[in-house]
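The chain is numbered in sequence order, starting from 1.
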Amino acid sequence: MRTFLPAIILPLVFLSWAPEVFGSLKKGECEVCISVLDRFKATLSKEQLGDQKAIEKQFVKFCKPLKLKENRFCYYLGGTADAILFHRAPTIPVSYYATTGILGEMAKPLSWGMPGEKVCEKLKKMDKQICELTYEKQIDFSTVD
């Protein structure tokens, strides 16, 4: 009986940890990340899609007009000017920060043709805040009493 109980409980515990360990996204999770990356990817030319440095450079440009949650997503990746300047040491040029860190971790898989959802899964493992960003739910006032 002693070996029977752990034989049942241990697999159940491991199964409950599976989503955290294997990193698959649940429905509705990482909605800002997936939305921004899919829209960004659609703006790139074929030449840019295969070039990590070009993707990083274009992402910084893409992020400039973004507001609210999307701007915060860009900030987390290092794609906004304030993120680059905030983390910058005075003796290191700004261009160094735009091409390293988590911004590069986004650009590299995109350059391989990885879908936005899978890129977001990888980014979530590095910084959980990225997938905590969600859009505000829109209320349809015509259906509300």
Q) Hey, mind stepping through Thr134 and Glu31 against side-chain contact (heavy atoms from CB on, under 4.5 Å) and telling me if it holds? A) CA-CA 6 Å; Thr134 56; Glu31 64 181 332; 3.0 Å; yes

**Q.** Value rounded to 0.5 Å, distance of NZ in Lys128 from OH in Tyr76
**A.** 14.5 Å

Q | disulfide bond (SG atoms under 2.5 Å apart) between Cys74 and Cys63, worked out | A | CA-CA 6 Å; Cys74 290; Cys63 285; 2.1 Å; yes

Q | 4.5 Å side-chain heavy-atom contact, Leu110 and Leu49 | A | no

(Q) Would you compute the distance between atom NZ of Lys53 and atom NZ of Lys108 and round it to the nearest 0.5 angstrom? (A) 9.0 Å

Q) Does a salt bridge link Glu121 with Lys118, judged by any charged N lying under 4.0 Å from a carboxylate O? A) yes

Q. Quick one: do Ile102 and Trp112 end up in the same hydrophobic cluster if we chain Ile, Leu, Val, Met, Phe, Trp and Tyr together by side-chain heavy atoms under 4.5 Å apart?
A. yes

(Q) What verdict does the disulfide bond (SG atoms under 2.5 Å apart) test give for Cys131 and Cys33, after you've listed the backbone C-alpha separation in whole Å, the side-chain angles of each residue and the deciding distance to 0.1 Å? (A) CA-CA 7 Å; Cys131 285; Cys33 177; 5.6 Å; no

Q: Taking all heavy atoms of Leu133 and all of Val32, pick out the closest pair and write down the distance.
A: O-CG2, 3.5 Å

Q: List in chain and number order the residues that pass side-chain hydrogen bond (donor to acceptor under 3.5 Å, both in side chains) with Ser35, two or more places apart in sequence or in another chain; answer none if no residue qualifies.
A: Tyr135

Q: Show your working on side-chain contact (heavy atoms from CB on, under 4.5 Å) between Leu77 and Ile130 and close with a plain yes or no.
A: CA-CA 8 Å; Leu77 291 184; Ile130 288 171; 3.8 Å; yes

Q) Can you check whether Val119 reaches Leu123 side chain to side chain, under 4.5 Å on heavy atoms? A) yes

Q) When rounded to the nearest 0.5 angstrom, what is the spacing between SG in Cys30 and CD in Glu117? A) 8.5 Å

Q) Quick check: does any side chain N or O of Gln48 sit under 3.5 Å from a backbone N or O of Ser45, one acting as donor and the other as acceptor? A) yes

Q | Listed once per pair and sorted, the ring pair (Phe, Tyr, Trp, His ring centres under 6.0 Å) pairs that draw on residues 32-57, sequence neighbours left out | A | Phe40-Phe59, Phe40-Phe62

**Q.** Heavy-atom pair of closest approach, residues Ile34 and Cys120
**A.** N-SG, 3.4 Å

Q.
Is there a path of hydrophobic side-chain contacts, each under 4.5 Å between heavy atoms of I/L/V/M/F/W/Y residues, joining Met126 to Met106?
A. yes

Q.
To the closest 0.5 Å, what do you measure between CD (Glu132) and CD (Gln129)?
A. 6.5 Å

Q | CA sep, side-chain torsions, deciding dist, call: Lys122, Met114, side-chain contact (heavy atoms from CB on, under 4.5 Å) | A | CA-CA 11 Å; Lys122 291 172 112 1; Met114 188 178 285; 3.7 Å; yes

Q: Among residues two or more places apart or on two chains, list those pairs meeting salt bridge (charged side-chain N to carboxylate O under 4.0 Å, His left out) that have a residue in residues 34-43.
A: Arg39-Glu70

Q. Which atoms form the tightest heavy-atom contact between Ser111 and Gln52, and what is the distance?
A. CB-N, 4.1 Å

Q.
Measuring only between side-chain heavy atoms, which start at C-beta, is Thr80 closer than 4.5 Å to Leu66?
A. no

